[in-house]
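We use all heavy atoms of the structure for the numbers below, so side chains are in, but hydrogens, waters and symmetry mates are not. When a ligand or atom number is given, it counts from 1 through the structure's own listing order. Here the structure is a predicted model, which means the values were calculated and not measured. Index from 1, following the sequence.
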Amino acid sequence: MKLETLVLSTVILFASSCAQEKKGKESKETANPEVSTDSASFVNSISKPLVSQRFSADPSAHVFNGKIFVYPSHDYDAGIPENDNGDHFAMKDFYIYSMDSVGGKVTDHGVALSVSDIPWASKQLWAPDAAYKNGKYYLYFPVRDKEGVFRIGAAISNKPEGPFKPNPEPIKYSFSIDPAVFTDEDGQSYMYFGGIWGGQLQKWSSGKFDAKGSATDLNQDDKPALTAKVAKMNGDMMEFAEKPKDVIILDENGNALKGGDHDRRFFEASWVHKYKGKYYFSYSTGDTHLLCYAIGDNPYGPFTYQGVILKPVIGWTTHHSIVEFKGKWYLFYHDTELSKGKTHLRNVKVTELKYTADGKIATIDPYTISNAGN
Ligand code: FUB
């Protein structure tokens, strides 16, 4: 080998190992680089943890019977090291909470559903949602099946706080994580779902589950980003009425957001609410730690990107719900104040959300007290 070739190869090898190291630094193993995780960082929190008797995350809030019910994940420390697959999120049951007023007493309703109650499930009971129809309450949950594939299940109860009885099989054609059910004014319900990386959405990009598929992004930065799915629910609320479709998010020029647009593209944590006749699709950007939103004219979209709802919280994940209660709008979200920054030990919080006159959502900074109730 000529000397010049040897020098060139060494330089290329060195550059490629630096690039690998940089990529590793952006992984889920590293705390969010945009925020400090020491306990002093929480001094300016705009709100306090809603419950402190146990960890809670991924809050889905709904108004049932004149109260706010909160359906969160129940974080606990299983001693599993953090990785990009989310194995450290090893949750095994759901506790439900309710309150008569925001800022008032929070009632702890106890366990509503456990992994051991679900015949097809193996582990990792992640972010749930709930819905009401014709006198019954429904709980929707992602969990890994016995083969380790995330599917979405449905469970039913006569009461909003449960206990919930799960269907013996997952919802047909469901996959991935983070179900969120929106019911329109005409009574039709839709489920939004999906999440990349540990949520496995990228492993379904061919239409079938590929166990050897990419572990994180698809690395197709110039192609339309993978995105959430939406499906109409059956009248019985336990199955889809159709095969899921893509939730397209457009940029200001009407083009689908690209895979490389990490500050705006969908990662996980779908939510839909309606405000003044428009449909607001909101979601987490995952590795850039933002809660963003896009607006559309119908439940299927397309939705046009609008901006940031919540700046990064302390902790890697961010997840939310938006609900109107007694004439005000609220953002339920989580951070890691109780565990002082541990990614997998989160706590639910709530703050008021405000709209500008043109229907935009005012961006919330979670650690600027003066921003509260903007
Ligand atoms: O709680 C586990 C996962 O973390 C959720 O499914 C995601 O949305 C993220 O919050």
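Those atoms of ligand 1 that come under 4.0 Å of a heavy atom in Arg346, given as number and element, are 1 (O), 2 (C), 4 (O), 9 (C), 10 (O). Under a 4.0 Å criterion applied to the non-hydrogen atoms of Asp178, ligand 1 contributes the atoms 5 (C), 6 (O), 7 (C), 8 (O).
In terms of polar-atom proximity, defined here as any N/O pair under 3.5 Å, Asp75 makes no such contact with ligand 1. Between Trp126 and ligand 1, no N or O atom pair is found at a separation short of 3.5 Å. At least one N or O atom of Asp58, backbone or side chain, sits closer than 3.5 Å to an N or O atom of ligand 1. Residue His334 has no nitrogen or oxygen atom sitting less than 3.5 Å from a nitrogen or oxygen atom of ligand 1, judged on distance alone.
Residue pairs meeting the side chain to side chain donor-acceptor pair (under 3.5 Å) criterion with at least one partner in residues 245-263, sequence neighbours excluded, are Lys229-Asp246, Glu242-Lys245, Glu252-Arg264, Asp261-Arg264, His262-Arg265, His262-Asp287.
Aromatic rings from Tyr355 and Trp329 are positioned such that their centres are separated by under 6.0 Å.
Within the 4.0 Å heavy-atom cutoff, Gln124 does not count among the residues contacting ligand 1.
Residues forming a salt bridge (charged side-chain N to carboxylate O under 4.0 Å, His left out) with Glu337 (at least two apart in sequence, or on another chain): Lys48, Lys349.
When heavy-atom distances to ligand 1 are checked against a 4.0 Å cut-off, His320 has no atom that comes that close, whether in backbone or side chain.
Note on Val313 and Val348: separate hydrophobic clusters, where clusters join Ile, Leu, Val, Met, Phe, Trp and Tyr whose side-chain heavy atoms are under 4.5 Å apart, directly or indirectly.
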